[in-house]
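Let me begin by presenting the structure, written as structure tokens, before commenting on it.
Predicted model only: the values in this text are computed from it and were never measured. Per chain, numbering begins at 1; letters A, B, ... match sequence-line order.
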Amino acid sequence: MELVAVIDFETTGLSPAQGDRATEIAAVLLRDGKVVDHYQSLMNCGVAIPSYIEELTGISTAMVRQAPPAAEVMRQVADFVGSHPLVAHNASFDCKFWDAELARIDRRRHQEFACSMLLARRLLPQAPSHKLGVLVDFARLPVAGRAHRALADAQMAASLLSYLEDELRRRYKLREVSHELLRKIQKAPRSQLDQCLERHQRGGLAAR
DNA sequence: TGCCAGGCCCTCTTTAGGGCCTT
């Protein structure tokens with residue numbers, strides 16, 4: 001598979017539209033199931049961290065006040081990621097913050113997101129839940145560090161993505177699993193997953 | 001004062017409701 005960037009944000013809440021801001025970002029570059037590089041930084045967005053968020057993430061107002069400005073961090077991570085396809089766990093969440101924080105520095109996203117949670121719902125319907133930590137435990141993947149810190153979560157999402165790609169290759173005898181195929185699968189109705197992959201195989205894309 | 005997201009997905013559905021998942 002081509003190089004992809006798996007990202008994870010820690011934030012002050014759930015919605016940039018409601019004024020929530022990013023407090024930490026991590027991106028790991030994944031190629032053929034191996035992490036080849038990573039970026040991580042706390043970021044100072046100039047707002048206080050709600051106490052329940054500090055309890056969840058361990059990230060305090062004092063910590064982000066000592067961090068580089070959010071604009072500087074976003075420029076760095078956007079340059080680090082470049083034009084590589086993006087992946088996140090529950091990507092709709094990270095996509096909102098990625099786009100909102102980029103907009104603040106007058107930059108725009110030029111690539112699509114794939115979502116490891118939507119893929120896991122289709123490929124691992126038997127998992128007890130589709131939270132990142134539960135899936136990592138279910139698939140017996142290594143725990144990268146403290147949950148709800150950006151780098152650990154990005155590394156675990158990358159491990160999960162590799163596991164899901166292996167499952168796709170094994171079950172459907174695919175030579176290669178592209179980002180484009182992941183996006184097709186995550187959009188396919190669960191009941192039509194097999195038909196989706198059969199169409200893909202017939203199209204010859206699997207052998208490329 | 002009270003409330004505060006949003007997309008996905010299932011079902012006792014589709015003229016809807018509610019749980020899941022992210023912080």
Side-chain angles (χ1 to χ4, degrees), chain A residues 5-28 40-65 67 70 73-74 77 86-104 109 112-139 141 143-161 163-164 182-196:
Chain A
V6 184
I7 72 159
D8 186 77
F9 275 109
E10 302 306 317
T11 72
T12 61
L14 296 175
S15 173
Q18 299 294 317
D20 293 321
R21 295 294 308 274
T23 59
E24 186 180 41
I25 175 77
V28 302
Q40 176 274 329
S41 183
L42 289 165
M43 48 206 280
N44 183 1
C45 51
V47 302
I49 310 291
S51 58
Y52 71 96
I53 293 289
E54 180 176 343
E55 192 171 330
L56 178 72
T57 65
I59 298 171
S60 66
T61 300
M63 288 167 68
V64 295
R65 281 186 177 159
V73 172
M74 286 307 300
V77 72
L86 292 164
V87 179
H89 195 71
N90 197 8
S92 65
F93 173 84
D94 292 277
C95 182
K96 282 187 302 185
F97 279 93
W98 182 260
D99 289 350
E101 294 293 343
L102 279 189
R104 289 176 175 272
R109 173 170 55 90
E112 299 290 349
F113 271 89
C115 177
S116 56
M117 185 188 75
L118 295 180
L119 291 167
R121 280 180 177 172
R122 284 160 178 75
L123 296 170
L124 303 174
Q126 72 277 31
S129 90
H130 296 91
K131 295 178 183 177
L132 179 58
V134 171
L135 288 166
V136 164
D137 182 58
F138 178 78
L141 300 170
V143 175
R146 187 195 198 284
H148 296 299
R149 286 302 300 264
L151 183 57
D153 281 1
Q155 287 172 330
M156 289 191 286
S159 294
L160 175 62
L161 178 67
Y163 178 87
L164 295 172
L182 295 180
R183 284 183 51 79
K184 279 186 188 174
I185 293 169
Q186 74 181 37
K187 287 179 181 175
R190 285 192 210 187
S191 59
Q192 295 175 24
L193 180 61
D194 286 347
Q195 295 92 316
C196 172

In whole Å, what is the span from the [atom1] atom of [X] to the [atom2] atom of [N]?
{"X": "A:Gln192", "N": "B:dC9", "atom1": "CD", "atom2": "C1'", "answer": "14 Å"}
{"X": "A:Lys187", "N": "B:dC8", "atom1": "NZ", "atom2": "P", "answer": "9 Å"}
{"X": "A:Ile7", "N": "B:dT22", "atom1": "CD1", "atom2": "P", "answer": "15 Å"}
{"X": "A:Asn90", "N": "B:dC9", "atom1": "CG", "atom2": "C1'", "answer": "13 Å"}
{"X": "A:Lys96", "N": "B:dG6", "atom1": "NZ", "atom2": "C1'", "answer": "5 Å"}
{"X": "A:Leu119", "N": "B:dC20", "atom1": "CG", "atom2": "C1'", "answer": "16 Å"}
{"X": "A:Asp94", "N": "B:dA5", "atom1": "CG", "atom2": "P", "answer": "18 Å"}
{"X": "A:Arg183", "N": "B:dC8", "atom1": "CZ", "atom2": "P", "answer": "11 Å"}

### Message
Pick the closest DNA chain B nucleotide for A:Ser15 and for A:Leu132 by heavy atoms, then say which residue is nearer the 5' end.
### Response
A:Ser15
### Task
For A:Asp153 and for A:Arg190, find the nucleotide of DNA chain B with the closest heavy atom, then tell me which residue's nucleotide is more 5'.
A:Arg190
Mind checking if [X] touches a base, just sugar-phosphate, or nothing, with heavy atoms under 4.0 Å?
{"X": "A:Thr12", "answer": "nothing"}
{"X": "A:Arg121", "answer": "base"}
{"X": "A:Asp8", "answer": "sugar-phosphate"}
{"X": "A:Phe9", "answer": "sugar-phosphate"}

Is there a side-chain contact between [X] and [Y] in this structure, where contact means two heavy atoms from C-beta onward sitting under 4.5 Å apart?
{"X": "A:Asp8", "Y": "A:His89", "value": "no"}
{"X": "A:Glu24", "Y": "A:Met43", "value": "no"}
{"X": "A:Arg104", "Y": "A:Arg21", "value": "yes"}
{"X": "A:Phe9", "Y": "A:Thr23", "value": "no"}
{"X": "A:Ile25", "Y": "A:Phe97", "value": "no"}

### Message
Taking salt bridge (charged side-chain N to carboxylate O under 4.0 Å, His left out) as the definition, give me every residue that meets it alongside A:Glu10, ordered by chain and number, with sequence neighbours left out.
### Response
none
Look at [X] and [N] and indicate whether a side-chain polar atom (N or O) is within less than 4.0 Å of OP1 or OP2.
{"X": "A:Ser129", "N": "B:dC21", "answer": "yes"}
{"X": "A:His130", "N": "B:dC21", "answer": "yes"}
{"X": "A:His148", "N": "B:dT23", "answer": "yes"}
{"X": "A:Arg122", "N": "B:dC9", "answer": "yes"}

With rounding to the closest Å, how many angstrom separate the [atom1] atoms on [N] and [M]?
{"N": "B:dC8", "M": "B:dT14", "atom1": "C1'", "result": "16 Å"}
{"N": "B:dT1", "M": "B:dT15", "atom1": "C1'", "result": "33 Å"}
{"N": "B:dG6", "M": "B:dC12", "atom1": "C1'", "result": "25 Å"}
{"N": "B:dC3", "M": "B:dA16", "atom1": "P", "result": "24 Å"}
{"N": "B:dG2", "M": "B:dG7", "atom1": "P", "result": "29 Å"}
{"N": "B:dA5", "M": "B:dT23", "atom1": "C1'", "result": "11 Å"}

### Summary
Closest to the side chain of A:Leu118, out of B:dC9, B:dA5, B:dT23, is B:dC9
